[in-house]
Structures are given as C-alpha cells and as structure tokens.
Amino acid sequence: MDFATAIATTVAAVLTLCIFSFLYKDNPFYKFTEHLVVGVSAGYWVSILYVNVAIPNIWQKLLAGKWWYLIPAFLGVLMWTRIVKRWAWISRYPLAFYLGIATGVAIPLEMQTKVLEQIFGTVQSFVALHNSQTDFWAGINTVVVVIGIITSLVYFFFSKEHKGATGGIAKVGIWTLMIGFGASFGYTVMARISLLIERVQFLIDDWLLKLFS
Amino acid sequence: MRTTHCWICIAATVFICCVLSLSAAAQVDEPHSDTLIVDSTTIIVEPPPAPISNLQVVDLPNDHGHAFHLTWNISADDLGGRNNVLQYRILRTPGWAGPLTEPQGDGPQWRNEQGTWWHLVEGVWDTIASIPAGTAEYFNRGGKAREGNDYSPDDVGFSFKILSVGTGGAVSESAIFGPVESSGQWYHTGKTWVVLAVLIFGGLMLTMVRLARGGRELYIRPLAGINAVDEAIGRATEMGRPILYVLGLGAPDEIATIASFTILSRVAKKVAEYQTELIVPCYDSIVMTIAQETVKQAYIDAGRVDDYNEDMVYFVTQNQFAYVAAVNGVMLRRQTATNFYLGVFYAESLILAETGSLAGSIQISGTDRVTQLPFFVVACDYTLIGEELYAASAYLGREPILLGTLKAQDYAKALLLVAMVIGVIAGILNLGWLTDYFALNI
C-alpha cells in the first residue's frame, strides 16, 4: 500500500469508527463525522445538480436554439423569489405548475400499474391454472393469494368499523400483511448484515492488515 | 465395320459434347448450384434458404410514432426443409424501393450518422436489425429526436425487405413491402380500462365531494395512529421538548408526500396552539418549500403567525445517509419527545426509528413503501400502513374534498373487489370470453 492510499484508507476507517461510536452514545467524534458528511454531501449534490441538470437541460438546450427551455428555467428562477418576503408568493406559481403536472401524470399511471394490472394479473393466474403445466401447489398458491388480497382489501375499508364479519375478515387481512412484513423484515435484515460484514471486512482486510503488513 | 466404328465414335463424341455443353449451360443458369468443380476438387456450396413469405409491415399502433411492426411467415428452411437459416436481416429504405440514386438536394428526411448529417437516400437499403432464425416478428422502433442516431421520421414512406441468411452465408430476398408511414396516436386503445377506471373513480370522487360539501355526514372509522397524534403533541408540550416531523425522502409529487403535507398541516396547527417547538428537517428542497408554506399557513390558521419561525423547516442534504446522520443527531441532541415519520422512506427507516426508540420518543410512522413498513411496525408506537396514511390526512383534515376522496376510494375498492371476484370465478370456470376482458393490451 503506497503512502497516499494508506492515508486515504486510514481516513475512511477512522470516519467509519467515528460513525460506529454512535452505538455507545452521541459523542463529539460522531458529531464531527455527521457534520462532515452532511457538508460534503450538500456541496457534492450542488455540483451534481449543476452539472447533470442545469447544464444539459438548460444551457445546452438554449445553445441548440431550443428557446422554449427558457420557460421551465424561468419557473425555476421564480422559486428564488422566496428569498424576498414581499415577492415570496410568486414562488407558488411554479409549485402549482409542478404539482399539477406531476399529479396528472401519476393518476393514470398508478391506476394502471398498482390497481388494474394487479387485479388482472390475479384473474389471469386462475386462467393459467387450466394450463396442464401448472402443478397442484401453484393452484394452492393462487388461492392463498386471492384470499390474502380480498381480506387485506377489506382491512383497508375505512367506511365501516372493524366489527362482526367485517372485523373477522379484516383480522385475517392484517395477519396476511404481518406475515408479509415478517418475511420482508427478515430478508432486509440479512441484507443489512451483509453491509455490516462488508464494513468490518474493510476495517480488517483493507485497513489493518494492509497497513501493518 | 471400320466405317460403323467410326460413326459410333463420332456419335459418342457428339453426345458427350452435348452433355458437357448442357451441363455448362446449366451451371451458368443456376448460380446457386449445389456443387462447383474446380481442378478436380469438389467444393460443396450450400444453397440459400428459401425466402420468407407474406411480409407485412404496419405502423405500430398506440404509440408516439416513429415505429413499425413487421410480421412474416418464416422461411420453409427455418425449423424445417434444409433447416439452414442462420438469421434474418431486416432492411429498410425510404420511399419506393428502386435503384440506387444520388442524393437529390436537401430532403425533408434527415438522420444523423456518427455525428454527420445525411439525408435519407431513396433506394439505399439500411440494415436495421439482424434477428435469429425462428423469429416471425420484429418491432422497428426508431427515435423521435431529430438529432439522435436512431431518428426515424414520421409521415415518410419506408419500404422493407428481409434477407434470409443461410448457415453458409448465402442469402435469399423476400418481396419488398411498402411504402408504409409511421405516425403517433392520440389515444391508446389498449388502455381503455385505465380511462374507464379513472372516469369512474373521478365520478365517484366528485359525487362524494359534493355530498360532503352539502353537509352529508361521511363516516370514517377511527385510526389508532391518528388518534395518538393529539396525545403525542400533548406529551411533548408537557415535557417541554420539541416535536420532530420527517417528511421522508420522497419528491413532492409522490402521493405519500402529499398526504404527509396534510398531516403536517394538522400537526403544525396543534403545535402552534400548544406553543410547542416543531423541527422539520427536509431532504428535498422543493419539499422544504412546500413544508414551509404548509407550516406557515397552519400557524396563521391557529392565529399564532408571530410564533412562526422559518428555520423550523430547513433543508439538510440530498444524500440519503448524510440526511439520516443529521436527523439522528437532532433526535439525540434535542431530545425530541415525539417523532413523526410520514411519507416515502427507504433504507433509512429502521435507522431513524431505532434511534428514536433509543431516545425514548413516542413515534408515529406511516408510509406506502411495503418494504419499509416492517421496520416501522417493529420500532414505532403507531404505524399507518399504506393507504391508512392517505386516510389519515382526510381524517385529520375533515375537509370535504379529502373526505369525499376517501369515501370514493372505498367505493372504488368495493367495485374492484366485486370485479376481481367475478374474474376469479370466470377464471375457475375457464370462461375465456369473460376472462379476456381482464387484460390490458399494452
């Protein structure tokens, strides 16, 4: 390991340990690292946004003669009117424009991907059961999925209190959700542990062993 | 006798010459013959595969233009016959297919090839794709940007042909099909269900909102997490500690973030009334701007505009884990009594909730990210699961628009549930005529 790499790796390792010190309690080392990473990332993102957004989407478009890109650029500039209290109300116009377009785009997209395609997919899975290649357990799985969907949907009815039959069905629904959450939790925790292992490997293999070998 | 032999020899010679001549003629007429004799060595030359047939090209429907859909019947030698098709090469030319012509001045059709401007030359065949044998369909999707390398102009006639390439390299050409023009469509016929669903939902929503505005009492069942909001704010007031409100990492156009703004409005109004401190660290600058407006309006509504401080809503950074580090620091240093995590969350959810739990804060969370909900369920006191987050904003706001929307959602869910049950029954009974309706043709 050359000198420059050794310095860089040591800095990274010390900062890692500073962050880990939070496991004990809040302390000056953690505070220092926290402020460092916040400051560096904020500066980094400013440069990233300038290079990846402002330059290609405004500057280069205008140079190419696409003058209509001045309109979104102007709307963006209007956001800065917030700096002056008297003119701060003007910034609501670009916000309204942005939210209006975003909502208009989102509604049909959500309706298609998160509602209709899910329901149609469920129905088509029953159609597929008639296929001779589908085995018994696939059939059981499809039935369980449908029961889970119906009971979970009932749980999310807000117009009726969860009492009586509705309450019973909703209870099955929340159990279905919790079983799903449990599986997801276990899966993600395993992924997080692999992140910890990677950090420990960095501290031992890339830092300690290489530095002192 | 000698004369007879002589005649036989002459006849035999003439016959051999005729046969050789006919053979040579046959060689000339059939360039793709099976054999070629060179210096007594026989080289097997593989014949070209049979050409494809019935080439059809149409403008790709339901798109923004610049695309064609090609179909054909595969070669008789593909998966059958001599089985010697290696691939199909698809060629395209603008205009009518014809002989190679020189560029005729500036044409309306342009393309960019390796940074240079060219105009499409009629009669020049471009290879647009080579696809494996056995394929009988191809989507020729071009770009719509004139400056792009893959630009394919609309309203320009293109002709197509397909070469069947044999394993030995010999090719056979299909008949030319064209010209065909591409164009964009305003309406996607495959998304009719989406249009109907949006219209039905919109109609339900307008009806419910009108009913709510007319004073109709719309019942919404109590949500545990929402009932705890007032309690949590009261606790913070009693303890004299601040309240932390995290809007998550979502952009302002995400539905969970929009719902969170409504809840923030309610929380900020209560905070203003109780004169408690509110801290709202933001990940996104636009979210910060909207949050500032929301909190300010809440303070105005509470009649405490003088207590509003713009610094209570501030931007941290747009780096996920740097943001988490900063929020964790706030929790521990400011000893927040109550933490709200409502909006869009990713891997930071458990880190935030765990730190808040260690700090002894009462925590109310809510997100529509299924993968993050388990962490909130485990580490927070109350969790709004998915749609409960949207319902919470209506429940708290009690505004006719929100209440009407929530009611409309319930009715829409009921309709969808009924539709799904019908579809499932049709699926079980294998009623193809009915199950065919349960599909989007996208």
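Quick note on labels: first sequence line is chain A, next is B, and so on, each numbered from 1. Side-chain atoms are counted along with the backbone in the values below, which use heavy atoms only and exclude waters and symmetry mates.
- Aromatic pair A:H162/A:Y155: ring centres closer than 6.0 Å.
- A side-chain donor from one of B:Y390 and B:D368 sits under 3.5 Å from a side-chain acceptor of the other.
- B:Y323 and A:S41 share no donor-acceptor pair across their side chains, judged by distance under 3.5 Å alone.
- Residues B:F345 and B:F376 bring their aromatic ring centres within 6.0 Å.
- If you measure heavy-atom distances from A:L36 to chain B, you find no contacts under 4.5 Å at all.
- Contacts between A:V115 and chain B at a heavy-atom distance below 4.5 Å involve the side chain alone, from C-beta outward.
- Looking at A:Q124, the atoms closer than 4.5 Å to chain B (heavy atoms on both sides) all sit in the side chain, from C-beta outward.
- For a residue to count as touching a neighbouring chain, one of its non-hydrogen atoms must lie under 4.5 Å from one of that chain's; by this rule A:Y187 does not touch chain B.
- For A:K25, no part sits under 4.5 Å from any heavy atom of chain B, backbone or side chain.
- Of the two parts of A:I101, neither the backbone nor the side chain holds a non-hydrogen atom closer than 4.5 Å to a non-hydrogen atom of chain B.
- Interface remark: A:I150 contributes backbone and side-chain atoms alike to the contact with chain B (heavy atom separation under 4.5 Å).
- Counting heavy atoms from C-beta on, the side chains of B:P252 and B:D284 come closer than 4.5 Å.
- The list of ring-ring contact (aromatic ring centres under 6.0 Å, His included) pairs with a residue in residues 33-67 of chain A, not counting sequence neighbours, is empty.
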